[in-house]
Enquirer: 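Could you have a look at this structure, given as structure tokens, before my questions?
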Amino acid sequence: GAVGGTSSITVASGGALAIEGGVAIGNTPLIIAGAGLTANPAGALESLYAADSYAGPITLASAATINSGSPGDTLTLSGGIAAGTNNLSFIGGGSTTIAFAGISGSGTVSYSAIGTLTFATANSFTGPINITSGTLSLADSNALGASSGITIASGATMNLQGGISLGASPLTITGAGLTSSPNGAIDNVANSNTLASPITLAGAASIGSTSSSNTLTLSGAINTGTNMLTFIGSGTTIAAGSISGSGSVAYSGSGTLRLG
């Protein structure tokens, strides 16, 4: 393997570990801190080119950044990430997948990129999740852990897939989803899924169900405030909880919207 018999790897703040070319690193523990090189803060752990993976447990010694590189690149992390009280940031134009073992800790988990961050396994973190750009894709019923709150900013989206039933972590949304593909700040992309989160609109927002043969069920209350809420998509959306606020509610999809 690329790290041989190394017992552990420590990346201090100002340093970086770059993996590239389809490298699969085994169970070597990794301790990281910081945003990467001072001259080029591209992540304390950075994946460059092709499909790379790291199977060892990752521990944050302080706030740290992980980068999935460029569009078309993939980084799979399957050994778990122990963030402690530290903030964990994901960046990059590629795709990062958290698989098999999830993220723990109470710090903020954030994503600011043009790619996709996929939670394909259960997480146990309790801190907030901030998605300022790109896609957060959820494929496990416990993907959101016990998060204190999720914020999806304008220009970002949260995708649901896998026939999951997500818990009731509070969710704040704004916007119509990705600028390049405005399918909703929340979008049901595959299978029938349920979201129990109470949803608050921080600005005008849309919720989509683009999977035409499947259903998105929103069982939590929705508070529009003074903002317009638009349901879109070719699938079925069931807003089973109450909808409050003075903002208007519209439907411009080709599927079905059920209220109550």
Enquirer: Any luck finding a side-chain donor-acceptor pair between Ser137 and Thr116 under 3.5 Å?
Expert: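 Short answer, no.
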
Enquirer: So Tyr54 and Leu17, do their side chains get closer than 4.5 Å, heavy atoms only?
Expert: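 They are in side-chain contact.
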
Enquirer: What's the shortest heavy-atom distance between Gly36 and Ala16, and which atoms?
Expert: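 So the two residues come closest at CA-CB, 4.3 Å.
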
Enquirer: Between Thr157 (side chain) and Gly184 (backbone), is there a donor-acceptor pair under 3.5 Å?
Expert: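 Present.
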
Enquirer: Between Ile31 and Leu60, is there a shared hydrophobic cluster once you connect ILVMFWY residues whose side-chain heavy atoms come closer than 4.5 Å?
Expert: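 Ile31 and Leu60: separate clusters.
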
Enquirer: Would you tell me whether Thr210 and Asp187 have side-chain atoms, one donor and one acceptor, within less than 3.5 Å of each other?
Expert: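 Per modelled atom types, Thr210 and Asp187 side chains form a pair under 3.5 Å.
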
Enquirer: Any donor and acceptor pair, going by atom type alone, linking the side chain of Ser89 with main-chain N or O of Thr65 inside 3.5 Å?
Expert: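 No, because the side chain of Ser89 does not come within donor-acceptor range (under 3.5 Å) of the backbone of Thr65.
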
Enquirer: How many angstroms lie between CG in Leu229 and OG in Ser206, if you round to the nearest 0.5 Å?
Expert: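 Output value for this atom pair is 8.5 Å.
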
Enquirer: Verify the cluster assignment for Ile238 and Ile243: are they in a single hydrophobic cluster under the rule of side-chain heavy atoms below 4.5 Å apart?
Expert: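 Ile238 and Ile243: separate clusters.
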
Enquirer: Out of Ser110, Ser112, Ser154, which one pairs with Thr132 under the side chain to side chain donor-acceptor pair (under 3.5 Å) rule?
Expert: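 With Thr132 as partner, Ser110, Ser112, Ser154 yield a single side chain to side chain donor-acceptor pair (under 3.5 Å), made by Ser112.
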
Enquirer: Return the minimal non-hydrogen interatomic distance between Ser62 and Asn86, and the atom names on each side.
Expert: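 So the minimum-distance heavy-atom pair works out to CA-OD1, 3.3 Å.
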
Enquirer: Could you give the distance from CG (Leu160) to OG (Ser192), rounded to the nearest 0.5 Å?
Expert: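 Atom-to-atom, Leu160:CG and Ser192:OG are 11.0 Å apart.
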
Enquirer: Tell me, do Leu171 and Leu195 make a side-chain contact under 4.5 Å, heavy atoms counted?
Expert: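 A side-chain contact under 4.5 Å exists here.
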
Enquirer: Looking at Ala42, is its backbone amide N or carbonyl O close enough to the side chain of Asn67 to form a donor-acceptor pair, meaning the two atoms are under 3.5 Å apart?
Expert: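 Indeed, once roles are kept as given, a pair shorter than 3.5 Å links the two residues.
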
Enquirer: Given side chains that start at C-beta, do those of Leu216 and Leu218 come closer than 4.5 Å, heavy atoms only?
Expert: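 Of all side-chain heavy-atom pairs linking Leu218 with Leu216, at least one is under 4.5 Å.
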
Enquirer: Does Ile207 share a hydrophobic cluster with Ile232, counting links as ILVMFWY side-chain heavy atoms below 4.5 Å and allowing steps through other members?
Expert: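 Ile207 and Ile232: separate clusters.
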
Enquirer: Would you find a donor on one side and an acceptor on the other, under 3.5 Å apart, between the side chain of Ser47 and the backbone of Gly69?
Expert: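 Judged by distance alone, no pair lies under 3.5 Å.
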
Enquirer: Is there a donor-acceptor pair under 3.5 Å between the side chain of Thr121 and the backbone N or O of Phe100?
Expert: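 Between the backbone of Phe100 and the side chain of Thr121 there is a qualifying donor-acceptor contact (under 3.5 Å).
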
Enquirer: Linking I/L/V/M/F/W/Y whenever any side-chain heavy atoms sit under 4.5 Å apart, do Ile98 and Ile152 land together?
Expert: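 Yes, one cluster joins them.
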
Enquirer: Do the side chain of Asn193 and the main chain of Asn191 share a donor and acceptor less than 3.5 angstrom apart?
Expert: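 Flag set: sc Asn193 to bb Asn191 pair under 3.5 Å.
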
Enquirer: What's the separation between atom OG in Ser197 and atom CD1 in Ile222, rounded to the nearest 0.5 Å?
Expert: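 Rounded to the nearest 0.5 Å, the OG-CD1 separation comes out at 10.5 Å.
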
Enquirer: Tell me whether Asp52 contacts the main-chain N or O of Leu75 through its side chain, where contact means a donor paired with an acceptor under 3.5 Å.
Expert: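 No, because the side chain of Asp52 does not come within donor-acceptor range (under 3.5 Å) of the backbone of Leu75.
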
Enquirer: Any chance you could lay out the side-chain contact (heavy atoms from CB on, under 4.5 Å) test for Ser252 and Thr230, step after step, and finish with the verdict?
Expert: CA-CA 7 Å; Ser252 63; Thr230 305; 3.7 Å; yes

Enquirer: Let's go through Thr28 and Leu30 carefully: what are the C-alpha distance in whole Å and the side-chain angles of both, what is the deciding distance for side-chain contact (heavy atoms from CB on, under 4.5 Å) to 0.1 Å, and is it a yes or a no?
Expert: CA-CA 6 Å; Thr28 302; Leu30 174 64; over 6 Å; no

Enquirer: Tell me whether Ser133 contacts the main-chain N or O of Ala156 through its side chain, where contact means a donor paired with an acceptor under 3.5 Å.
Expert: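 A pair under 3.5 Å: no.
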
Enquirer: Any heavy-atom pair between the side chains of Phe119 and Asp140 that's under 4.5 Å?
Expert: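 No - every pair of side-chain heavy atoms lies 4.5 Å or more apart.
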
Enquirer: Hey, are the side chains of Ile199 and Ile186 touching, using non-hydrogen atoms and a 4.5 Å cut-off?
Expert: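 SC-SC contact between Ile199 and Ile186 confirmed.
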
Enquirer: Please check if Ile81 and Val109 belong to a single hydrophobic cluster, counting links between Ile, Leu, Val, Met, Phe, Trp and Tyr side chain heavy atoms closer than 4.5 Å.
Expert: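 Yes, because Ile81 and Val109 connect within a single hydrophobic cluster, where side-chain heavy atoms sit under 4.5 Å apart.
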
Enquirer: For the pair Ile173 and Leu201, evaluate side-chain contact (heavy atoms from CB on, under 4.5 Å) and give the outcome as yes or no after the intermediate values.
Expert: CA-CA 5 Å; Ile173 63 173; Leu201 272 62; 4.1 Å; yes

Enquirer: Do Thr97 and Thr74 make a side-chain contact, defined as non-hydrogen atoms from C-beta onward lying under 4.5 Å apart?
Expert: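 No, too far: nothing below the 4.5 Å cut-off.
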
Enquirer: So with a 6.0 Å cut-off around OH of Tyr251, is the heavy-atom count from everything else above 12?
Expert: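 Count over threshold, so yes.
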
Enquirer: Which heavy atom of Ser165 sits nearest to which heavy atom of Ser141, and what is that distance?
Expert: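 Minimum heavy-atom separation between Ser165 and Ser141: N-OG, 3.0 Å.
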
Enquirer: What pair of heavy atoms forms the shortest contact from Ala185 to Gly175, and how long is it?
Expert: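 Scanning both residues completely, I find the closest heavy atoms to be CB-O, 3.7 Å.
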
Enquirer: Would you say that Pro170 contacts Thr200 through its side chain, given a criterion of any heavy-atom pair below 4.5 Å between the two side chains?
Expert: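 Result no, sub-4.5 Å side-chain heavy-atom pair not found.
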
Enquirer: How about Ile129 and Leu144: do any of their side-chain heavy atoms sit closer than 4.5 Å?
Expert: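 The answer is yes, as the side chains (C-beta and beyond) meet within the 4.5 Å cut-off.
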
Enquirer: How many angstroms lie between atom OG1 of Thr118 and atom CG of Asn159, to the nearest 0.5 angstrom?
Expert: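 Answer rounded to 0.5 Å: 8.5 Å.
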
Enquirer: Within the side chain of Ser147, is there an N or O that forms a donor-acceptor pair under 3.5 Å with the backbone of Ser169?
Expert: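 No, Ser147 side chain to Ser169 backbone: no donor-acceptor pair under 3.5 Å.
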
Enquirer: So, for Ala82 and Ser104, which heavy atoms are closest and what is the spacing to 0.1 Å?
Expert: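 Scanning both residues, the minimum pair turns out to be CA-OG, 3.5 Å.
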
Enquirer: To the nearest 0.5 Å, what is the distance between OG (Ser8) and CG (Asn27)?
Expert: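 Ser8 OG to Asn27 CG: 13.5 Å, rounded to 0.5 Å.
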
Enquirer: Between Asn123 (side chain) and Gly145 (backbone), is there a donor-acceptor pair under 3.5 Å?
Expert: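 No; zero donor-acceptor contacts below 3.5 Å.
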
Enquirer: Just how far is it from atom CD1 of Ile131 to atom CG of Leu117, taken to the nearest 0.5 Å?
Expert: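 Result: 6.0 Å between the selected atoms.
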
Enquirer: If every non-hydrogen atom of Ala44 is compared with every non-hydrogen atom of Val11, which pair is closest and at what distance?
Expert: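 Looking at all heavy atoms of both residues, the closest pair is O-CG1, 3.7 Å.
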
Enquirer: Start with the C-alpha distance between Leu178 and Thr135, add both sets of side-chain angles, then the distance that settles side-chain contact (heavy atoms from CB on, under 4.5 Å), and finish with yes or no.
Expert: CA-CA 8 Å; Leu178 301 179; Thr135 301; 3.5 Å; yes

